[in-house]
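Note that ligands are numbered from 1 as they come in the structure, with each ligand's atoms numbered from 1 the same way.
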Amino acid sequence: MKPPIEPFKIKVVEPLKFCSQEERENLLYKAGFNLFKIPAEAVFIDLLTDSGTSAMSDRQWAGLMLGDESYAGSRNYFHLKDVVEDLFGFPYVLPTHQGRAAENIFFNTVLKNGDVVPNNIHFDTTRANVEFLNCEALDCVIDEGMNPKNEHPFKGNMDPVKLENAIQKYGVEKIPVVMLTITNNSGGGQPVSLRNIKEIHSICRKYDIPLFIDAARFAENAYFIKMREEGYQNFSVKDIVKEMFSYVDGCLFSAKKDGLVNIGGFIALRDEELFLKLQNLLILREGFITYGGLAGRDLEAISRGLEEVIQEEYLHYRIQQTAYLGSLIEEIGIPIVKPVGGHAVYIDAKDFLPHIPQSQFPAQALCIGLYRNSGIRTSEIGSLMFARENKEKGQWIYPELELVRLTVPRRVYTTSHLVYVADALFRIKKNKENLKGLHLVYGSPFLRHFTAKLEEIT
Ligand code: F0G
């Protein structure tokens, strides 16, 4: 595959530092083999996340100077509200400091003890926010979405039969909302088709259950629809986005991804009554409704980011860049989730490292190997993040997918950086039997991957 061409030139640069292997080794021990605890300055290429790591454009930086920092009624709020209404069609917008704050306020308002939330696959913070309220986060993705080798073009789709079965099993009164995560982050950054959104919408209408989108990567999803879904090739991305959101009641948005900013989020919706209820918690937890935990300048950067992210030259480059990294890794013969997702390449660690059982965190072992040898930071989306203990049976339940995510920050790295990553993986593959499993020394009951401490098994 040909490398992508960046539709921008670089105006400001940020130096990268090379640490010695010895320094990295020491840092790994100090960090309890948890890459979240490594100082970012000791990372050469940071593929931990695409969240809050985007490079803003000159237009966004200029927008920061136009921040109106009034406590109430900042002009930047009205700009954001107009952009959101124009793009998504929702008249009510509540800014939050990031996506999980939107989840917290939304779920605390709509859920009660024992409720169930179906989703294609919940992302970690979404799952944690649901479970923290003693509710069940139920994943209903199509079976193809759990098979890394299956090349279904819309592996993020929700299975309508699984959703219908859940509604029959739990009853409508226990399901206050259905969610769709686009793209489906925990399942490989895979898109959801418009056809599927329509299908899920009609089931939700039938039972009168609100449908909300977790919209963190909505623009990447829309671009996949344009590329892959019959009938949409001649649509603009903006029109596809409008159609996607026309079938749902609202969205939770982490602007740190497709908002092209470093911080921010919002809840947007149609229902005035729910908007009024959400306002109460927003004011209590985040701030007044026209800033919600952000500065006026941040709101301006989000509005401008939303206008830029749907530009097709940008999206073409973005999706090509990730696909290019995927093609380099595949050429080496390392198994990845196919097709390549929008924001990241996911390595199938279960398949790549059969000598490490899931109880010894094979995906984390690969993350550690990549940092140790080459200063590359990646993230584990596997048993460290998702394994659960069944205390009654005294057993651990491991997730089906055991993945290493190489997440590509937006507009940050060049082709040479990606070639460096592929080269590091090539060297790891040659000595992959040397990668060691790990055991857990400390794990918190929620979101344990952020703070866990591990030791290598020698
Ligand atoms: N929903 C999805 C699909 C996400 O990927 C994330 C964050 C959130 C919600 C929460 O948003 O970080 O602004 O609070 N994902 C990041 C990641 C952290 O690395 O994938 P947030």
Problem set entry | Under 3.5 Å: donor-acceptor pair, side chain of Arg100, backbone of Ser254 | no

Exercise. Taking NZ, NE, NH1 and NH2 as the nitrogens, is one of them in Arg59 or Glu307 under 4.0 Å from a carboxylate oxygen of the other?
Worked result: yes

For this session: Side-chain contact test, heavy atoms from C-beta onward, threshold under 4.5 Å: evaluate it for Asn221 versus Val192 and give yes or no.
Result: yes

Problem set entry | Those atoms of ligand 1 less than 4.0 Å from some heavy atom in Lys256 | 13 (O)

Problem set entry | Between CD1 on residue Ile302 and OH on residue Tyr77, distance to nearest 0.5 Å | 12.0 Å

For this session: Give me the ring orientation class for Phe245 and Phe218: parallel if the planes are under 30° apart, tilted from 30 to 60°, perpendicular past 60°.
Result: perpendicular

Problem set entry | Nearest candidate to atom 10 (C) of ligand 1, where distance is taken over non-hydrogen atoms, out of Thr125, Asn185, Asn184, Ile381 | Thr125

Exercise. When rounded to the nearest 0.5 angstrom, what is the spacing between CG in Leu401 and OH in Tyr346?
Worked result: 10.5 Å

For this session: Return the residue, atom name and 0.1 Å-rounded distance of the protein heavy atom closest to atom 4 (C) of ligand 1.
Result: Phe123 CD2, 3.4 Å

Exercise. For ligand 1, is any non-hydrogen atom under 4.0 Å from Gln98's backbone (N, CA, C, O), its side chain (CB onward), both, or neither?
Worked result: both

For this session: Look at atom 16 (C) of ligand 1 and say which protein heavy atom is nearest, naming residue and atom and giving the distance to 0.1 Å.
Result: Lys257 NZ, 3.4 Å

Exercise. Mind checking whether Phe253 and Phe266 have parallel, tilted or perpendicular rings, split at 30° and 60°?
Worked result: tilted

Problem set entry | ligand 1 contact on His97 by region, counting heavy-atom pairs under 4.0 Å | neither

Seminar exercise, completed: Atoms of ligand 1 under 4.0 Å from any heavy atom of Thr181, numbered from 1 in the order shown, are 3 (C)

Exercise. Tell me, which protein residue and heavy-atom name are nearest atom 1 (N) of ligand 1, and how many Å apart are they?
Worked result: Asp214 OD2, 2.7 Å

Exercise. Looking only at distance, does Thr183 have an N or O less than 3.5 Å from an N or O of ligand 1?
Worked result: no

Exercise. Is the shortest N/O to N/O distance between Gly99 and ligand 1 below 3.5 Å?
Worked result: yes

Exercise. Is it true that the side chains of Arg217 and Thr183 contain a donor and an acceptor less than 3.5 Å apart?
Worked result: no

Problem set entry | Per atom 14 (O) of ligand 1, closest listed option by heavy atom (His343, Glu103, Arg100) | Arg100

